[in-house]
Amino acid sequence: SAVEDAKTGKVDLHLTNDLRESSTGFVAWRLTNAAGKSLAHGKQLATIDPLSSALVQTIDLGEHLAKHGPRDLLLWLEYSVKGKNASTNFDTFARPKHLELAEPQIALDVQALGNNQFAVTLTAAKPALWAWLELGGADAKFSDNYMHLYPNSPHRVVVTPSGQMTLKQFTKALSAHSLIDTYR
């Protein structure tokens, strides 16, 4: 998790380990503007004791905050263990409704998995915050629904409709949305 100070631009990065064994991995962060342009990044090795939380790093983004303002900064966080993503998070210096977001241009790639399950890969050209999928006119279970899409970084979701659907029916009923759609 991240705790930001919108006045100074300092951000405390914390990790929580719910496992009964220690965890060692890399904490990576990327700062972008609201359109997805990379402004700064960093990476640090971290070890977290079992069943504990710890401050891993404090990063100073004050110069970027002064230059771009709080409405144009997005902080993307990732914790990876043995090269695999274990956790992601996202933070801002402004309330979501005040962010200067651009149309994310979310593209969907759909594949049938069998057993009435479909894999949907979402890719956004620009940041898509609190993105979600809808299956118009049908109930469904989603392996993930409400995610932050980093530009050009595919995110896979498995969808299981409550009733039988063909690939064509599923693709026609499927749509993607994000925070920007809630205030247009």
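All heavy atoms count here, side chains included; hydrogens, waters and symmetry mates do not.
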Determine whether a donor-acceptor pair (N or O, by modelled atom type, separation under 3.5 Å) exists between the side chain of [X] and the backbone of [Y].
| X | Y | result |
| --- | --- | --- |
| Thr171 | Lys168 | no |
| Asn33 | Lys37 | yes |
| Asp181 | Ser178 | yes |
| Ser80 | Gly83 | no |
| Gln44 | Val56 | yes |

- [ ] Please round to the nearest 0.5 Å and tell me the distance separating atom CG of Asn116 and atom CE of Met165.
- [x]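 The CG atom of Asn116 sits 8.0 Å away from the CE atom of Met165.
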Open item on the list: What's the separation between atom NE2 in His14 and atom CG in Asn89, rounded to the nearest 0.5 Å?
Closed with: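 So the NE2 of His14 and the CG of Asn89 are separated by 11.5 Å.
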Open item on the list: Once side-chain contact (heavy atoms from CB on, under 4.5 Å) is applied, do any residues pair with Leu75, and if so which ones, sequence neighbours excluded?
Closed with: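 Partners of Leu75 by the side-chain contact (heavy atoms from CB on, under 4.5 Å) criterion, ordered by chain and then number, come out as Val11, Trp29, Leu31, Ile59, Leu61, Leu77, Asp91.
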Throw together a table of side-chain donor-acceptor distances under 3.5 angstrom for residues 151-164, partners on residues two or more places apart or in other chains.
unit_1: His155; atom_1: NE2; unit_2: Asp144; atom_2: OD2; d: 2.8
unit_1: Thr160; atom_1: OG1; unit_2: Gln117; atom_2: NE2; d: 3.1
unit_1: Ser162; atom_1: OG; unit_2: Asp139; atom_2: O; d: 3.1

- [ ] Check the angle between the aromatic planes of Phe170 and Phe118 and answer parallel, tilted or perpendicular using the 30° and 60° thresholds.
- [x]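 Geometry flag for Phe118 against Phe170: parallel rings.
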Open item on the list: Are more than 12 heavy atoms, taken from residues, nucleotides or ligands other than His98, located less than 6.0 Å from that residue's NE2 atom?
Closed with: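 Count over threshold, so yes.
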TODO: For this output row, return yes or no: ring centroids of Tyr146 and Trp130 closer than 6.0 angstrom.
DONE: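 When the ring centroids of Tyr146 and Trp130 are compared, they turn out to be at least 6.0 Å apart.
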Open item on the list: Applying ring pair (Phe, Tyr, Trp, His ring centres under 6.0 Å), can you list everything that pairs with His177, at least two apart in sequence or on another chain?
Closed with: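 Result, ring pair (Phe, Tyr, Trp, His ring centres under 6.0 Å) vs His177: Trp132.
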